[in-house]
2 protein chains.
Amino acid sequence: MELKRTTEGEKGFEKVFAFLRERLLAGSLKPGDRLISERELATLLGVSRPIVREALRALTVLGIVEIRDRIGTVVTRPDVSVLNDFFTFALAQQADMLDDVMQARVAIECQAIRLACERANIADFERLQRALAKIGETIDEADAGGMADFEFHRAIVVASHSETLTVLHSSMAGLLTHSHRSRRELVQAFPSMKTYLIEDHRRIFEAVIARDPERADATLRKHFAIGDEYRRRAVVGDVDKTSASG
Amino acid sequence: MELKRTTEGEKGFEKVFAFLRERLLAGSLKPGDRLISERELATLLGVSRPIVREALRALTVLGIVEIRDRIGTVVTRPDVSVLNDFFTFALAQQADMLDDVMQARVAIECQAIRLACERANIADFERLQRALAKIGETIDEADAGGMADFEFHRAIVVASHSETLTVLHSSMAGLLTHSHRSRRELVQAFPSMKTYLIEDHRRIFEAVIARDPERADATLRKHFAIGDEYRRRAVVGDVDKTSASG
DNA sequence: GTTAGCATACTGGTCTGACCAAGATCAGAC
DNA sequence: GTCTGATCTTGGTCAGACCAGTATGCTAAC
């Protein structure tokens, strides 16, 4: 029965994965470290190389390590892409999750803006200002405008100086980029949105500058709410375009 | 050079992974579906079985599929554990991320409570009420008290009826369970915390019952802020215990 | 006709040994 | 001392094999 006494009674893959997880979690394997070769790992744990590769591949998709061809396997700093992948897959199989993700994004961003009010430095302010200017310049362009919008919101999160919030936000923002763009397409149907987009973002910016978390949060929430309202009206076919046919 | 014309010019693993991702994202592979066997997949894509296993294992750790011994590989609904794993690893290598994760948790929970005010049903209210009662009962126990605290906050998020928020929250809450417990240990040092813990949670509960998002959010934030303050005081050695030695 | 039982095909889980291509290294030539 | 090339090492991959259970279907017993 004692065919496997290397570590525990785990199966091959689990054994290797657990072995590596232990060292990873314990800190004996830190970002930048190079793991021993696959072959060594295999003989060390008494498993075959393909099994070791499975474990390494598993860690790779989790963004924990990076397998470099003909170089070796090195520990990396956890990366956003994992969450991105996950949300992408998750969303594909549950499209109704989109609204949910949007809610999470609002959550992250509202918390971020509060922190931003406390922690933002001059560079953050400048980045926000540039993004704000860009929004004004690209107000009539769907693509560039959507990008500018995205940049502004990203700047808020970056200004929070919170790695976790940034990671979460960017992993979700990727899925919502098209939402920024489609929002800009609404501008064609709702000229009044121009004012909304520019003024809202300006007010948000000013609240951060004033370092007023409550006002910033409230303004940002209102911003999202108005955006939702526009989208709702677009769905029902309502328009306020002066030259609208209906 | 055309040794591989199955799909593209990708390397073995990438080829298989991309092949499966395509179908997963396109929806031709839905949760519950059983994949073709590893051997078939291997011959179909012109790669060896170990490579196929790498790809399947990769999808497994992403929570997309489940490999069942001697049964086959089936597509599953995306699972929380992925995020859990990720945060666990990420946190292990950046301990300073703990505060950050806490911020994200606050973000999620504050958004959740707003939604809960709109969406909570009777069952949610009852769950909250039970959790609230439990908090009162276990106020003097570190373990049970921490658990009750955790349950209450989880009940809030569940009441939001947002899958994404729930997933994110639980993936972070796991890392913060000890924080609930340690908070309860503070009760010994700060008797005034008993009132804080019970009263705060009651007020939060009432705000949700009243379906007042603003008040609920504000109360919850204040709750977290006070908790932070207690922890701060604990760090600097301040106590308000009447029988305190120093 | 129906059902119990067993042989077989199939599945994942794993191992062994091998080959390739290219980076890393070090000895020997200049 | 520097340059060059053979060799070692590393990841990337393959082929074939064996094991242990599951599923299935066919046969034999009822």
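Every chain is numbered from 1 and lettered A, B, ... according to where its sequence line falls, protein lines coming before strand lines. Everything numeric here is computed off the predicted structure, so don't read it as measured data.
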Checklist outcome for this item: Counting primed atoms, P, OP1 and OP2 as sugar-phosphate and everything else as base, the B/S/- map of nucleotides 15-21 of chain C against protein heavy atoms under 4.0 Å is BB-B--B

Checklist outcome for this item: Applying side-chain contact (heavy atoms from CB on, under 4.5 Å) to Glu126(B) and not counting sequence neighbours gives Ile122(B), Arg130(B)

Checklist outcome for this item: Residues passing the side-chain contact (heavy atoms from CB on, under 4.5 Å) test with Thr60(A), sequence neighbours excluded, are Val65(A), Ile67(A)

Integer-rounded Å distance: [N] [atom2] and [X] [atom1]:
X	N	atom1	atom2	answer
Arg57(B)	dT14(C)	CZ	C1'	11 Å
Ile36(B)	dA9(C)	CD1	P	21 Å
Ile71(B)	dA20(D)	CD1	P	17 Å
Leu45(B)	dC14(D)	CG	P	10 Å
Arg68(A)	dA24(C)	CZ	P	11 Å
Asp69(B)	dA23(D)	CG	C1'	14 Å
Ile67(B)	dA20(D)	CD1	P	21 Å
Glu66(B)	dT11(C)	CD	P	18 Å

Checklist entry - Does OP1 or OP2 of dG12(C) have a side-chain N or O of Thr73(B) closer than 4.0 Å? => result yes

Item to check | Phosphate OP1/OP2 of dT9(D) contacted by Ser37(A) side-chain N/O (<4.0 Å) | outcome: no

Next on the checklist: Can you tell whether the side chains of Arg57(B) and Glu54(B) come within less than 4.0 Å, N to carboxylate O?
Outcome noted: no

Checklist entry - Hey, does Glu40(B) reach any base, or is it just sugar-phosphate, or nothing, if we go heavy atoms under 4.0 Å? => result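 Glu40(B): backbone/sugar contact only, no base atoms under 4.0 Å.
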
Checklist entry - Sequence neighbours excluded, which residues qualify as ring pair (Phe, Tyr, Trp, His ring centres under 6.0 Å) partners of Phe86(B)? => result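 By the ring pair (Phe, Tyr, Trp, His ring centres under 6.0 Å) rule, Phe86(B) matches no residue at all.
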
Next on the checklist: Test of understanding: with ring pair (Phe, Tyr, Trp, His ring centres under 6.0 Å), list the residues that count as partners of Phe87(A), not counting sequence neighbours.
Outcome noted: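 Ring pair (Phe, Tyr, Trp, His ring centres under 6.0 Å) list for Phe87(A), sorted by chain: empty.
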
Checklist entry - Hey, what do you get for CD1 (Ile36(B)) to OG1 (Thr43(B)), rounding to the nearest 0.5 Å? => result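 Spacing of CD1 (Ile36(B)) from OG1 (Thr43(B)) equals 7.0 Å.
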
Next on the checklist: Checking Glu40(A) now: which residues fulfil salt bridge (charged side-chain N to carboxylate O under 4.0 Å, His left out) with it, not counting sequence neighbours?
Outcome noted: none

